[in-house]
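Here is the structure we will look at, set down as structure tokens.
These numbers come from a predicted model, not from an experiment.
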Amino acid sequence: MQNKAYKLLAIQEKISNNQAKDLIDSGCVFAMGKKIVIARALMNSKTKFVIQKIKKAKILYEDDNIIALDKPFGQISENLEIKFKAKLINRLDKETSGVLLLSKNENFRLKCIEEYKKQNVYKSYLAIVDGIIAEEVEIHEKISTTKTNNGAFSKIDKFGLEAYTHVIPLMVNAKKTLIKAIIKTGRTHQIRVHLKHIKNGIIGDEKYAKISAARMFLHCYETNIFDYNFKALLDDSFNVYGFEIKNLNF
């Protein structure tokens with residue numbers, strides 16, 4: 001006998017159907033060693049689910065204008081906006097961890113948005129990708145984005161918007177590479193699309209790379225804006241695939 005995944009999870013955990021669906025959508029529900037991606041997927045009624053606990057966001061810095069958070073994977077940026085009662089300056093996909101900025105006043109937020117538009121904000125990310133990247137790579141491929149029922153979807157498109165990603169290999173192990181990606185532009189899913197384009201998709205990126213994992217291994221490492229310099233170190237979830245990188249600076 002089969003039933004929808006979120007309904008089975010709701011029964012197992014004694015929670016509402018909506019709560020169960022939210023857990024699955026957050027990417028923290030697993031069964032038989034695989035992440036449950038589709039809440040409405042039909043599954044055996046005897047399926048046993050494992051829920052990966054989502055960590056709380058940490059405040060990296062706060063003053064009268066700005067709050068810099070270390071966002072854990074699985075957290076939705078807009079939910080943190082509500083929790084901390086401040087407006088988002090940038091956004092991170094729920095699967096992405098790292099530096100997330102919120103503004104305490106609208107004038108400051110608008111000034112920040114202008115800095116992003118002028119490409120005056122330094123942004124670097126860390127990621128574990130499939131395959132070996134032995135040398136630095138500069139990717140100049142235009143990207144276009146469309147809105148779908150399943151969220152935004154981006155692709156390489158010669159008629160799209162300019163996008164630039166500088167990829168720096170840091171460590172290689174077991175045919176996987178830990179890389180640093182510096183982006184001047186900030187197109188939707190830019191790093192994910194560019195890395196898939198060079199056939200080095202991010203581990204855990206199920207939308208573009210089609211690689212399943214406990215999480216998507218993409219982390220916003222540094223963001224520098226005005227005189228602010230923020231950095232979020234990697235947590236122990238990145239200590240996989242033979243990498244021992246917790247609390248290292250790159």
Side-chain angles (χ1 to χ4, degrees), residues 18-19 21-29 35 37 39 52-63 65-106 108-117 119 121-127 143 145-154 163 165 181 183 185-193 202 204-208 213-226 228-235 237-238:
N18 284 337
Q19 287 175 313
K21 188 176 184 301
D22 287 343
L23 281 173
I24 293 173
D25 289 343
S26 294
C28 59
V29 180
K35 185 191 295 183
V37 179
Q52 190 175 54
K53 187 177 180 180
I54 298 176
K55 297 178 180 179
K56 293 182 179 180
K58 297 178 183 178
I59 295 178
L60 297 170
Y61 178 84
E62 181 177 4
D63 64 17
N65 290 316
I66 197 168
I67 303 173
L69 299 177
D70 183 357
K71 184 188 93 66
F73 73 91
Q75 285 274 14
I76 297 171
S77 294
E78 286 76 7
N79 289 351
L80 294 174
E81 184 178 53
I82 296 168
K83 179 178 179 180
F84 288 92
K85 298 178 181 178
K87 292 290 185 180
L88 288 168
I89 294 171
N90 69 317
R91 282 175 172 77
L92 297 177
D93 297 331
K94 71 173 182 289
E95 303 96 336
T96 305
S97 56
V99 180
L100 182 72
L101 304 181
L102 300 101
S103 174
K104 290 184 170 182
N105 65 78
E106 185 63 9
F108 181 76
R109 190 184 75 86
L110 292 175
K111 289 178 182 178
C112 290
I113 298 303
E114 280 302 308
E115 289 296 286
Y116 275 92
K117 288 181 179 178
Q119 299 180 17
V121 182
Y122 175 85
K123 297 160 286 184
S124 78
Y125 288 70
L126 298 176
I143 290 175
T145 302
T146 55
K147 302 293 183 181
T148 72
N149 291 335
N150 295 319
F153 185 85
S154 297
T165 305
I183 57 172
T185 50
R187 310 305 176 201
T188 301
H189 301 160
Q190 175 178 320
I191 297 174
R192 299 164 67 179
V193 172
I202 297 173
D205 179 6
E206 295 171 343
K207 177 173 277 192
Y208 298 103
R215 63 159 291 181
M216 182 170 71
F217 289 94
L218 179 63
H219 177 84
C220 183
Y221 182 55
E222 299 166 294
T223 301
N224 301 338
I225 184 169
F226 300 125
Y228 295 104
N229 300 291
F230 303 118
K231 181 183 289 186
L233 299 180
L234 295 173
D235 68 12
S237 68
F238 267 72

Passing candidate, side chain to side chain contact (heavy atoms under 4.5 Å, CB included) with Thr165, options Ile183, Val193, Thr185
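Single pass found, and it is Ile183.
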
Of Thr223, Val99, Leu69, Ile67, the residue whose pairing with Leu60 passes side chain to side chain contact (heavy atoms under 4.5 Å, CB included):
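It is Val99; the other options fail the test.
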
Check residues 81-88 and write down every donor-acceptor pair under 3.5 Å in which the side-chain atom is one partner and the other belongs to a residue at least two apart or another chain.
| residue | atom | partner | partner atom | Å |
| --- | --- | --- | --- | --- |
| Glu81 | OE2 | Leu88 | N | 2.9 |

Rounded distance (nearest 0.5 Å) linking atom [atom1] of [X] with atom [atom2] of [Y]:
X      : Y      : atom1 : atom2 : result
Lys71  : Leu80  : NZ    : CG    : 7.0 Å
Arg91  : Thr188 : CZ    : OG1   : 10.5 Å
Ser97  : Leu218 : OG    : CG    : 7.5 Å
Glu206 : Glu95  : CD    : CD    : 8.0 Å
Leu102 : Asn90  : CG    : CG    : 8.0 Å
Arg192 : Asp205 : CZ    : CG    : 4.0 Å

Taking C-beta and beyond as the side chain, do [X] and [Y] meet within less than 4.5 Å on heavy atoms?
X      : Y      : result
Glu114 : Leu110 : no
Glu222 : Asn229 : no
Gln190 : Tyr125 : no
Ile66  : Phe230 : yes
Ile202 : Met216 : yes
Cys28  : Phe73  : no

Test of understanding: with side chain to side chain contact (heavy atoms under 4.5 Å, CB included), list the residues that count as partners of Ser103, not counting sequence neighbours.
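With sequence neighbours excluded, Ser103 shows a side chain to side chain contact (heavy atoms under 4.5 Å, CB included) to Ile89, Phe108, Arg109, given in chain and number order.
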
Ignoring hydrogens and angles, tell me if any N or O in the side chain of Lys104 forms a donor-acceptor pair with the backbone of Glu62 under 3.5 Å.
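A pair under 3.5 Å: no.
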
Is it the case that the side chain of His219 and the backbone of Ala232 share a donor-acceptor pair, with hydrogens and angles ignored and the cut-off at 3.5 Å?
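Answer holds: yes.
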
For [X] versus [Y], what's the shortest heavy-atom pair and its separation?
X      : Y      : result
Ser237 : Phe217 : O-CE2, 3.1 Å
Leu233 : Asp70  : O-OD2, 4.1 Å
Lys55  : Pro72  : O-CG, 3.0 Å

